[in-house]
Protein chains: 2
Amino acid sequence: MAQLAGVSQATVSLVLSARSDGKAATISEETRQRVLDAARSLGYAHDPAARRLAAARNNLLGVFSFTATFPTDVQHSYYPFLVGVEQEAAARGYDLVLFTGSSSGGAGAAGPDALSRVRLADGCLFLGRHAPGAELKRLVADGFPVVHLGRREELEGLAWVGADYVSASRAVVEHLAALGHRRIVLVREADDAPASADRQRGFLEGLAAVGGEAGPEAVLRCADPASAVTAERVRALVADGVTAFVAEETDTGAAWRALDAAVREAGLSCPGDVSLGLLGSPPPDLAAAPVPTGFDVPRHQLGAAAVRLLAALVAGEEAQEPLVACEFRTGATAGPPGRRP
Amino acid sequence: MAQLAGVSQATVSLVLSARSDGKAATISEETRQRVLDAARSLGYAHDPAARRLAAARNNLLGVFSFTATFPTDVQHSYYPFLVGVEQEAAARGYDLVLFTGSSSGGAGAAGPDALSRVRLADGCLFLGRHAPGAELKRLVADGFPVVHLGRREELEGLAWVGADYVSASRAVVEHLAALGHRRIVLVREADDAPASADRQRGFLEGLAAVGGEAGPEAVLRCADPASAVTAERVRALVADGVTAFVAEETDTGAAWRALDAAVREAGLSCPGDVSLGLLGSPPPDLAAAPVPTGFDVPRHQLGAAAVRLLAALVAGEEAQEPLVACEFRTGATAGPPGRRP
DNA sequence: TTGTAGGCGTTATCAG
DNA sequence: CTGATAACGCCTACAA
């Protein structure tokens, strides 16, 4: 302890914690310097564990992901989010501690106290849709600041930030409508993720707003897009008056892949005969193809927004707007409706 | 606290810490179950901070990198190492805590206690060559388990793991020699990194071992490879009897780039007229080119080895072999010496 | 086998 | 303005 070197005992706490604090006048300059010198010569530093134990702040923000943080398969990693998280945290003077969920490989990860270690930090950010509700609930019930990255409304009181898929999807439809399209079909997968539901909702809203036909036949919900969305199917729909298709983005990109393949196989030219929209970003392996009209999820900004919210919670402030706007991408797959064959 | 639910008070500590411990006979099965049940129903879990403060283990391994952990420029990130680190940590039942060095953007990062927060964990792994010696020294002096990823012998008592560049470089030279080369030139940059020194040493050792000419003219040390290694230079050397070149790998890949460009510009065919070796892996943007004869740094394994060493230190065991072997890559840029023009 | 007491390093409260 | 003192939650003897 530094008090041995100086003369005081827990006065050191005052001078050390009030480093750049506002209330600096509470201690005499002399002892202050004495303490500072002693601390420096001893190479003294706070013990973060003790500091936190004593109900103080750590200046640490936790990040917990339920899949491996550094997957060998770099495909669906949270890297882009984490970039934003790290930048915003740095900007706000917070340090990051990343808890890897996959660690303790099946042992601790599954255990009931898998999440307890996040209490090392002042608050924690959760990534991934597999966050166990019960544990999160307990955390927020204990008053521990928690933010979930991704819409999560089932859990009462759980703060979250998410992309505004509804508005973004709607904007894509409106863009198509502005080009003259009225009969537009959404291709989506069968699984019921909030992100899918949001996109469909935005799609239907957009359709309704522009006076398009928003009946149930406007959405193609298929368990296996590859086999459901065939060339004949597309040809038939086009013959029936459909002039544009939009696909939802998923991990696999199955809907977009199927749509793309079917149109190509049907011998339809893309911006010419039919217009295509993608409710999200194309899978990396299709990035070389003509860039799809659609929108990009602002992953960096989402990460940053999550950190902002978490910082607010830690500081005891109120939550702000959880939705982050997506960025419209003009792309090259949408044009005026082709003449019906 | 769980004692309210059960009947005991710190007995809970015994049963909870002896979870899968060897000495299980120290507590009666009945109270044990009672405590366990109470803990489960209350959702109780250790407070990691308190646990650590009480001189116990956390089961947390720290990772500290001095550059951004998630750089926007994905070029020189530690990602490949971290993959290995995460896997090995998971395999050993450790959880990972990643401290981002760049956070606290210039404020806390530079502060004297920037490293103090790693004490939250049972030990810490340091990545990057900018680790401040003084702070590391203090950490090891305090008996805190520390492992540095990358050779670091100047700091007495600092444990480290690194790639065996010497042997790997030597192997490349010996491969060339086996093909018949005797006059080989090393192109390296001027800056004095341990990794560069190691490669040069291995190069010279190899040359000496095969009876090649290992004089000082065998290594081209240039501040700016691009301007120093020109087509004429290469042509002159070849005319003088040099049949093979090797370049060191660096962040920028400048040496290899320069060599590659110069040879091409000199109108020399690569496996035909001259053989080329790369002491490391090619930069990503040159990965499409014919794969260079050389070696790959086993980044995953390095990360894993670092975790193993750190775990050993935490457990109070002794350090093991710090060097990890690189993997020879046959490649397509080396063949028998061409006829001298 | 279990409960009791002391201490880990820090902050917060409250007298001097 | 400063110095005691009591938590914070847990662990490790030691005593019952």
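These numbers come from a predicted model, not from an experiment. In what follows, chains carry the letters A, B, and so on, assigned in the order in which the sequence lines appear, proteins first and then strands, with residues in each chain numbered from 1.
A close approach under 4.0 Å does not occur between any side-chain nitrogen or oxygen of B/Ser13 and OP1 or OP2 of D/dC10. Applying the 4.0 Å criterion to OP1 and OP2 of C/dT2, one finds that B/Thr31 has a side-chain N or O inside that range. For C/dT11, one of the phosphate oxygens OP1 or OP2 lies less than 4.0 angstrom from a side-chain nitrogen or oxygen of A/Arg51.
Rounded to an integer number of Å, the gap from B/Asp47 CG to C/dT10 C1' is 14 Å. As rounded to whole Å, 13 Å separates atom P of C/dT10 from atom CZ of B/Arg52. Atom P of nucleotide C/dT11 and atom CG of A/Asp122 are separated by 13 Å, given to the nearest angstrom. B/Arg57 has its CZ atom 19 Å from the C1' atom of D/dG9, to the nearest Å. Protein atom CG of B/Asp142 is 11 Å distant from nucleotide atom P of C/dG9, rounded to whole Å.
With B/Arg51 contributing its side chain and B/Arg57 its backbone, the two residues share a donor-acceptor pair below 3.5 Å. Panel note: side chain B/Asp122, backbone B/Asn59; a donor-acceptor pair is recorded below 3.5 Å. At distances below 3.5 Å, at least one donor-acceptor pair connects side-chain atoms of A/Asp47 with backbone N or O atoms of A/Ala49.
The aromatic rings of B/Tyr79 and A/Phe70 sit perpendicular to each other, their planes meeting at more than 60°, with 30° as the lower class boundary.
Nearest nucleotide to the side chain of A/Ala54, out of C/dG3, C/dT10, D/dC10: C/dT10.
Between B/Glu29 and B/Leu53, the one whose closest nucleotide on DNA chain C sits nearer the 5' end is B/Glu29.
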